[in-house]
J.: 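Sharing a structure, written as structure tokens. Questions coming.
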Amino acid sequence: MRKPFIAGNWKMYKTAAQAVEFAEEFKKIYRPSDVRVAIAAPYTQLWALKKAFEGTGIGVAAQNMHWEDQGAFTGEVSAPMLKEIGVDYVIIGHSERREYFGETDDTVNRKVKKALASGILPILCCGESLKIREAGKEKLFVEGQIRADFDGIPAEDAVKITVAYEPIWAIGTGKTATPAQAQEMCAFIRDVLAGIYGEDVSEEIAIQYGGSVKPSNASELMDQVDIDGALVGGASLKPADFLEIVHF
Ligand code: PEP
């Protein structure tokens with residue numbers, strides 16, 4: 001039985017003090033339920049957020065990490081560094097990293113494997129651009145991403161991965177995919193995973209939808225059978241908005 005999973009992605013917003021302020025406000029209104037909840041924050045906030053959320057069950061996620069444990073990689077952060085401060089999840093392959101920072105399916109695959117080996121749960125992002133969708137090639141494209149990003153990952157690890165289907169044309173644009181469009185793609189991703197791992201395994205893998213999720217559209221998206229949660233950008237920055245989505 002897949003449990004709903006709502007994760008906020010703060011991107012490059014908030015200072016550590018502002019993150020703690022959010023956590024304190026959120027804790028006052030949050031009531032734990034059957035929904036898994038996490039916040040993905042910039043590195044400088046992770047330690048403080050982890051402490052602020054202690055005892056709440058709310059997870060903390062990084063937004064990226066390197067695939068090596070250590071080395072001459074100026075500006076990078078590794079899995080052991082994140083693990084030491086209690087980070088629970090890491091977003092890997094967000095479209096903004098693929099688009100602006102040269103992330104490829106090869107680096108995504110290496111990072112996912114390292115996260116799994118380090119006991120950090122990956123949230124693996126995939127999704128097509130508007131150009132690809134307009135050309136009718138979204139399934140072909142996303143299948144390519146899934147096959148490459150899961151390459152060499154055994155079934156017992158694959159079930160620990162959350163896939164976030166995030167059509168690039170819906171991220172930060174206010175233009176949400178319709179529930180039917182989002183369901184169609186999430187079901188398709190589950191089919192691709194079933195082709196790799198078999199149906200039993202694919203039924204265990206959580207698939208989130210991401211792209212302009214907000215309080216007003218969260219529940220109809222979550223109602224779809226293959227959508228197990230959401231990766232929420234802009235609407236996760238305010239405690240009240242994020243709470244409404246968590247309590248969809
Ligand atoms: C995201 O950052 O992954 C995202 C989906 O952003 P937004 O909700 O703002 O579209």
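What's counted below: heavy atoms across the whole structure, side chains too, no hydrogens, waters or symmetry copies. First listed ligand is number 1; within each ligand, the first listed atom is number 1. Numbering starts at 1 and runs along the sequence shown.
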J.: What is the nearest protein non-hydrogen atom to atom 10 (O) of ligand 1, stated with its residue, atom name and distance?
T.: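 Answer for atom 10 (O) of ligand 1: Gly172 N, 2.6 Å.
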J.: When you measure from atom 5 (C) of ligand 1 to every protein heavy atom, which one gives the shortest distance, and what is it?
T.: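 Looking only at protein heavy atoms, the one closest to atom 5 (C) of ligand 1 is Glu166 OE2, 3.0 Å.
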J.: List ligand 1 atoms under 4.0 Å from Leu231, heavy atoms only on the residue side.
T.: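 In order of number, 3 (O), 5 (C).
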J.: Tell me whether Arg147 is salt-bridged to Glu143, with the criterion being a basic N under 4.0 Å from an acidic carboxylate O.
T.: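 Salt bridge between Arg147 and Glu143, a charged N being under 4.0 Å from a carboxylate O: yes.
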J.: If every non-hydrogen atom of Asn109 is compared with every non-hydrogen atom of Asp151, which pair is closest and at what distance?
T.: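 Taking Asn109 first and Asp151 second, the nearest heavy atoms are ND2-O, 2.9 Å.
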J.: Starting from atom 1 (C) of ligand 1, find the nearest protein heavy-atom neighbour and note its residue, name and distance.
T.: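 Of the protein heavy atoms, His94 NE2, 3.3 Å lies nearest.
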J.: Partners of Asp105 by side chain to side chain contact (heavy atoms under 4.5 Å, CB included), sequence neighbours excluded?
T.: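 Expected list: Arg98, Gln145, Ala148, Asp149.
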J.: I'd like to know whether OH of Tyr43 has more than 12 heavy-atom contacts from other residues, nucleotides or ligands below 6.0 angstrom.
T.: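 Buried by this count: over 12 neighbours within 6.0 Å.
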J.: In a check of side-chain hydrogen bond (donor to acceptor under 3.5 Å, both in side chains) between Asp228 and each of Lys3, Arg36, Arg190, which one passes?
T.: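 Exactly one candidate clears the test, Arg190.
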J.: Is the closest basic N to carboxylate O distance between Lys14 and Glu21 below 4.0 Å?
T.: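 No, this pair does not count.
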J.: Please say whether Asn9 places an N or O atom under 3.5 Å from an N or O atom belonging to ligand 1.
T.: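 Min N/O separation from ligand 1 is below 3.5 Å for Asn9.
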J.: Measure Lys11 to ligand 1 on non-hydrogen atoms and call it side chain, backbone, both or neither using the 4.0 Å cut-off.
T.: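 Just the side chain.
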J.: Go through ligand 1 atom by atom and flag the ones less than 4.0 Å from a non-hydrogen atom of Gly211.
T.: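 Reading through ligand 1 atom by atom, the close ones are 5 (C), 10 (O).
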J.: How far is atom 8 (O) of ligand 1 from its nearest protein heavy atom, and which residue and atom is that?
T.: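 For atom 8 (O) of ligand 1, the nearest protein heavy atom is Gly233 N, 2.8 Å.
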J.: Tell me which part of Ile171 gets within contact of ligand 1: side chain, backbone, both or neither, using heavy atoms under 4.0 Å.
T.: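 Both backbone and side chain.
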J.: What atoms of ligand 1 come within less than 4.0 Å of a heavy atom belonging to Ser212?
T.: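 This gives 7 (P), 8 (O), 10 (O) as the contact atoms.
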J.: Which label fits Phe22 and Phe242: parallel for a plane angle under 30°, tilted from 30 to 60°, or perpendicular past 60°?
T.: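 Rings of Phe22 and Phe242: tilted, 30 to 60°.
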J.: Using a strict 4.0 Å threshold on nitrogen-to-oxygen distance, state whether Arg2 and Glu203 make a salt bridge.
T.: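 A salt bridge links Arg2 with Glu203.
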J.: Write out the residue and atom name of the closest protein heavy atom to atom 9 (O) of ligand 1, then the distance separating them to 0.1 Å.
T.: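 Scanning the protein heavy atoms, the shortest distance from atom 9 (O) of ligand 1 goes to Gly234 N, 2.9 Å.
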J.: Would you call Ala170 a ligand 1 contact, heavy-atom distance under 4.0 Å?
T.: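 Within the 4.0 Å threshold, so yes.
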